[in-house]
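Notes follow the structure.
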Protein chains: 2
Amino acid sequence: MTDRKLEILEIAQRLFCENGYAAASIRDIAKAANVEPASLYSHINGKEELLDRTCFMMADKFLAGIDDVNDIYFDAAQKLKMAVDTHINILTNHLDASVVFQREWRYLSDERKAEFIELRNKYEEGFRVIVQTGIDEGIFNEVDVKFATLALLSSLNWIVEWYDKDGDLAPSEIADRLYQFVLTGLKKRVSPQGVKGLM
Amino acid sequence: MTDRKLEILEIAQRLFCENGYAAASIRDIAKAANVEPASLYSHINGKEELLDRTCFMMADKFLAGIDDVNDIYFDAAQKLKMAVDTHINILTNHLDASVVFQREWRYLSDERKAEFIELRNKYEEGFRVIVQTGIDEGIFNEVDVKFATLALLSSLNWIVEWYDKDGDLAPSEIADRLYQFVLTGLKKRVSPQGVKGLM
DNA sequence: ATATTTGCCTAACGAATGTTCGTTATGACC
DNA sequence: GGTCATAACGAACATTCGTTAGGCAAATAT
């Protein structure tokens, strides 16, 4: 992918993020790129390619992240921490693209949408494996794995709704707190004995 | 609001939910209502009214729910349970409208969008009060209130992404598990002594 | 019984949509 | 110096968009 094409892709991601795929027009993208609308077609085959590339590039990133985590031998708590860290890192490093990945994938063509959903399921499965492992190891509660994983991932994903690059919370701090929250919950533990050193 | 107008509103909500506000056209809505596009304008002033009414109707519902909870005297854990129950109930009872409320509000006009955000902040504030109360009462961990509330609400809201009306999980079950998850977290408690009877 | 409102119709409007066309200026390579 | 690829251009395309105007039949109200 040429530099100019990447540049256009990132402009498109910003506009898709701000206005949504359907509401961000080719003319908007062209204007933001200081180019006539027709000129974009020297670089892309069509509007959907911009969405398609974004969604699948991000899917690849997320999948590579979870695969790395699951390939290493650690206990489930450590793996979960790594997975959360990685997820937040990708999210905050590619904020616009992540928003598109999360919100706009449904505007993909039917065939590509099906492929995308499959990849996303694979990613969720990676998290489920971690949670299930934790239960098997006896360090996690015997929760409904599918349910808990969805709750977990939703907390991770909602970050894009409020994360501020120039805010006071660094990505690593967000990851720390989120991990702590998901691990410990709200309720105070009366007897802290015996759970030390778990994380 | 006349019956027919409500009917049209609900059709619009379904299509806004399925295709997004920008991609769901007046002609689509008309077709689904078995009517010519122009006929819709006997009932509505414009497309945006359908979005506007949906967003603010739902905002009212959610706000009324949290206000009811906060007006009663219970401890924070009980209040939180009630708030979660209420939230899930509204969500599952008005699934299409809730999705629009969550995803499509940014297509409101600038002025209305500002009003909407204010209402949504008020709702979040209602949850923050509960969490803060729990900390003050000494039954919740001393978490970052703003952060924890966002994580909590994100778990609640993500439900619309996977909830199936005909699935095996009833709304009340979802609320129970979600509450349990947020309260207890993943990590196993070694010494359960002394926390009985909290919920 | 007559007047009025309601709910829908056909037809059309101007604007915006994604895209295609033929062309052109600019350099790099043989 | 001729050939080719790149990246841009202005103009136009067919289509779709939200919306308006004017009329007509049935239901409702007076």
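Numbers restart at 1 for each chain; the letters A, B, ... are given by sequence-line order, proteins then strands.
In the region residues 17-32 of chain A, proximity to DNA chain C at under 4.0 angstrom, judged on heavy atoms, holds for A/Ala24, A/Ser25, A/Ile26, A/Arg27. At a non-hydrogen distance threshold of 4.0 Å, B/Glu36, B/Ala38, B/Ser39, B/Ser42, B/His43 from residues 36-44 of chain B come into contact with DNA chain C.
We find the SG-CZ distance between B/Cys55 and B/Arg106 to be 11.5 Å, quoted to the nearest 0.5 Å. Distance check, rounded to the nearest 0.5 Å: CZ of A/Arg112 to CG of A/Asp52 gives 4.0 Å.
Side-chain atoms of A/Leu186 and B/Ile135, non-hydrogen and from C-beta on, never get closer than 4.5 Å to each other.
In this structure, CD of B/Glu7 is placed 14 Å from C1' of C/dC8, rounded to the nearest angstrom. Counting to the nearest Å, the P atom of C/dT17 and the CD atom of A/Glu48 are 18 Å from each other. Rounded to an integer number of Å, the gap from NZ of A/Lys47 to P of D/dT16 is 15 Å. Here D/dA7 presents its C1' atom at 9 Å from CD1 of A/Ile8, a figure rounded to the nearest Å. Computed from coordinates, the B/Arg4 CZ to D/dA26 C1' distance equals 15 Å when rounded to whole Å.
Neither side chain, A/Asn89 nor A/Thr86, offers a donor N or O lying under 3.5 Å from an acceptor on the other.
A salt bridge links A/Glu161 with A/Arg103; the closest basic N to acidic carboxylate O contact falls under 4.0 Å. Under a 4.0 Å N-O distance rule, the pair A/Glu49/A/Arg53 qualifies as a salt bridge.
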>> Evaluate A/Lys61 against A/His94 for side-chain contact (heavy atoms from CB on, under 4.5 Å), listing each step before the verdict.
In response: CA-CA 10 Å; A/Lys61 274 189 207 298; A/His94 309 86; 3.6 Å; yes
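A/Phe140 and A/Tyr73 are members of different hydrophobic clusters when ILVMFWY side chains are connected at heavy-atom separations under 4.5 Å.
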